[in-house]
Amino acid sequence: MPELPEVETSRRGIEPWILHTTINKVVVRDRRLRWPVAKDVERRLQGQIVEAVDRRAKYLLIRTSGDTIILHLGMTGSLFIVDQGAPAGIHDHLDFELDSGKVLRFRDPRRFGSFHLSSKPLAHPLLSKLGPEPLGDEFNGTYLWRKSRGRTVSIKQFIMNAQIVVGVGNIYASESLFLAGINPKRAAGRTARHRYDALADAIKDILSRAIKAGGTTLRDFYGGDGEPGYFKQQLEVYDREGEHCRCCNTIIRSFVQGQRSTYYCKSCQT
DNA sequence: CGCGACTCCTGCCGGC
DNA sequence: TGCCGGCAGGAGTCGC
């Protein structure tokens, strides 16, 4: 489900509800996430105060007076706030009961999400090798171009590689390449320098606009405030196979690349 | 090291 | 209406 804009939307949605609250109790109903939830998380989090709600890549980092929670939403994970005592659904795996009387609840039907605790989250194996944030200054055309030299992989798979740049998932990869006018099949190492300038700008633009719109809701994404994301209305190619390109009227096509669907306009993207 | 295939899991949708 | 195959917003791991 969530790419960077959806995770950021979730972060902003829950932050006002949990910041500076105390975690009275943690309830784990199903430990079978992508990796089994450690048996001591209930004990380690009980009584801790939430001091910050951050994001790194697609991970939410909830810093407490003790450990930091490292939470990944996977494909179908979501976070929301309910009143204490609200009945839990079949896929509601985690509850964080707060001293405010509210509960931060984690739901994840496919259980591709993950939950870890760490005192040094950025040094955690899941985070330590990640590339730069796409909205930061470190990420630009020069960086992408330099990283791409000698790479034979397609440029679409290249920008979805979290060791190159984080946060660009399947929707926004297609959208960014459309905006930059680049054919997704093009080899990363055979893409010119000036195209990477356009691509880095496009990624920043798309992600910023998607965050502003509260993310993209295709089926079942809702931010922490229960609102869907409205960026779907701005999608130019993703999930638009058979429809007309708004730029040149060509029919949008899709094909599979690295086991993921790619959408593009044959005439706008070269 | 780079790359491609595979894998985890449930829900939903379209076609027959 | 009911069943079945295919596909889904992620990403770690393995084999070459």
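So you know, we letter chains A, B, ... as the sequences are listed, proteins then strands, and number each from 1. None of the values given here were measured: they were computed from a predicted structure.
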Next on the checklist: Whether the A/S261 and A/S254 side chains hold a donor-acceptor pair (N or O, under 3.5 Å, no angle test) is what I'd like checked.
Outcome noted: no
Checklist entry - In the hydrophobic clustering (ILVMFWY, side-chain contacts below 4.5 Å, transitive), which residues join A/Y264, or is it alone? => result A/F255
Item to check | Cluster companions of A/L126 among Ile, Leu, Val, Met, Phe, Trp, Tyr (side-chain spacing under 4.5 Å) | outcome: A/W35, A/Y59, A/L61, A/I70, A/L122, A/L127, A/L130, A/V166
Checklist entry - Is it true that A/R12 and A/E15 have a side-chain N and a carboxylate O under 4.0 angstrom from each other? => result no
Checklist entry - Who passes side-chain contact (heavy atoms from CB on, under 4.5 Å) against A/I251, sequence neighbours left out? => result A/H244, A/R253
Checklist outcome for this item: Stem ranges of DNA chain C by first residue number, counting only runs of at least 3 Watson-Crick or G-U pairs under 3.5 Å, come to B:2-8 with C:10-16, B:10-16 with C:2-8
Item to check | Partners passing side-chain contact (heavy atoms from CB on, under 4.5 Å) against A/E42 (at least two apart in sequence or in another chain) | outcome: A/V26, A/V28, A/R31
Checklist entry - Excluding sequence neighbours, so at least two apart, what forms side-chain contact (heavy atoms from CB on, under 4.5 Å) with A/S65? => result A/Q48, A/I49, A/E51
Checklist entry - Listed by chain and number, what are the salt bridge (charged side-chain N to carboxylate O under 4.0 Å, His left out) partners of A/D67, not counting sequence neighbours? => result A/R44
Next on the checklist: Within the 4.0 Å limit for protein heavy atoms, which parts of nucleotides 10-16 of chain B are touched? Write it as a string from 5' to 3', B for base, S for sugar-phosphate only, - for none.
Outcome noted: BS-----
Could you go through nucleotides 11-14 of chain C and list every protein N or O atom that sits under 3.5 Å from one of its N or O atoms, giving the distance for each pair?
from	atom 1	to	atom 2	distance (Å)
C/dA11	OP1	A/H72	NE2	2.5
C/dA11	OP2	A/K58	NZ	2.8
C/dA11	O4'	A/R34	NH1	3.4
C/dG12	OP1	A/Y59	OH	3.3
C/dG12	O4'	A/R34	NH2	2.8

Checklist outcome for this item: Contacts of A/E236 meeting side-chain contact (heavy atoms from CB on, under 4.5 Å) (sequence neighbours excluded), chain-then-number -> A/E175, A/F178, A/R246
Item to check | Strand contacts (DNA chain B) in residues 146-156 of chain A, 4.0 angstrom heavy-atom criterion | outcome: A/R151, A/T152, A/V153
Item to check | Proximal nucleotide (of C/dG9, B/dG4, C/dA8) relative to the A/N170 side chain | outcome: C/dG9
Checklist entry - Is A/R11 salt-bridged to A/D54, cutoff N-O under 4.0 Å? => result no
Item to check | Contacts of A/R186 that satisfy salt bridge (charged side-chain N to carboxylate O under 4.0 Å, His left out) - sequence neighbours left out | outcome: none
